[in-house]
Amino acid sequence: MSEWYCLGTADDYRDGKPHALRAFDTDLVAYSDRAGVIHILDSRCPHMGADLSKGRIVGDTIDCPAHRWRWNGKGKCVGGSPKLLPIRSWTTEERDGLLYLQRSDAPPTGRPVRAANAWW
């Protein structure tokens, strides 16, 4: 069973900066690529544990603030590293202008929906 968590307005993550998040007892980083697609990764660099939310966005990747290793939105290490250490990426979905994060690592079993009594 998958769970979805609303992170707020999607456009808030499209400012060219990394955003620190905490969801499901995990430190995360959110950023948007050049096409405006929002990606969410575990926030800790697998090399030395640096906080990726303190890094910068370079093209479609996020750059580690410690050694400038880079990861794409799928969590693949694509630059700067002699070791291609992956990082966990999370499933997101944008609906009605809001960004949702899926808790489960399993393929989505449902879609986020707005409750009938939701204020938004």
Exercise: identify the closest heavy-atom pair between Ser89 and Lys74 |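 Residues Ser89 and Lys74, closest heavy atoms: OG-O, 3.4 Å.
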Would you name the heavy atoms of Ala50 and Ala66 that are closest together and state the gap between them?
->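 Nearest heavy atoms, Ala50 then Ala66: CB-CB, 3.8 Å.
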Taking the six-membered ring for Trp, are Tyr13 and His19 parallel (under 30°), tilted (30 to 60°) or perpendicular (over 60°)?
->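 The arrangement is perpendicular - the two ring planes meet at more than 60°.
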Do Thr61 and Asn72 have a side chain donor and acceptor closer than 3.5 Å?
->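 On atom types as modelled, these side chains do not qualify, holding no pair under 3.5 Å.
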Answer with yes or no whether the side chains of Asp42 and Trp90 bring together a donor and an acceptor at under 3.5 Å.
->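 Short answer, yes.
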Could you tell me whether Phe24 and Tyr5 have their ring centroids closer than 6.0 angstrom?
->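 Yes: the rings meet the under 6.0 Å criterion.
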Residue pair [X] / [Y], side-chain heavy-atom distance below 4.5 Å:
X	Y	value
Thr9	Leu99	no
Leu21	Leu7	yes
Asp27	Asp51	no
Trp4	Arg103	no
Lys76	Pro86	no
Gln102	Glu3	no
Tyr31	Ile40	no
Cys64	Leu52	yes

Cluster overlap Leu85 with Ile87, hydrophobic side-chain contacts below 4.5 Å =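 In one cluster with Leu85: Ile87, yes.
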Shared hydrophobic cluster for Val29 and Leu101 (ILVMFWY, side-chain gaps under 4.5 Å) =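 They do not share one cluster, since no chain of ILVMFWY contacts under 4.5 Å joins Val29 to Leu101.
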Could you grab the distance from atom [atom1] of [X] to atom [atom2] of [Y], nearest 0.5 Å is fine?
X	Y	atom1	atom2	value
Arg56	Asp63	CZ	CG	4.5 Å
Ser43	Arg22	OG	CZ	10.0 Å
Ile57	Lys17	CD1	NZ	11.0 Å
Arg88	Leu28	CZ	CG	7.5 Å

Partners passing side-chain contact (heavy atoms from CB on, under 4.5 Å) against Ala20 (at least two apart in sequence or in another chain) |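 With sequence neighbours excluded, Ala20 shows a side-chain contact (heavy atoms from CB on, under 4.5 Å) to Ser53, given in chain and number order.
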Could you check whether any side-chain N or O of [X] sits under 3.5 Å from a backbone N or O of [Y], counting only pairs where one atom can act as donor and the other as acceptor?
X	Y	answer
Asp96	Leu98	no
Asp60	Asp33	no
Tyr100	Thr91	no

List for me each residue that meets salt bridge (charged side-chain N to carboxylate O under 4.0 Å, His left out) alongside Asp11, sequence neighbours excluded, and say none if there are none.
->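 Result, salt bridge (charged side-chain N to carboxylate O under 4.0 Å, His left out) vs Asp11: Arg14.
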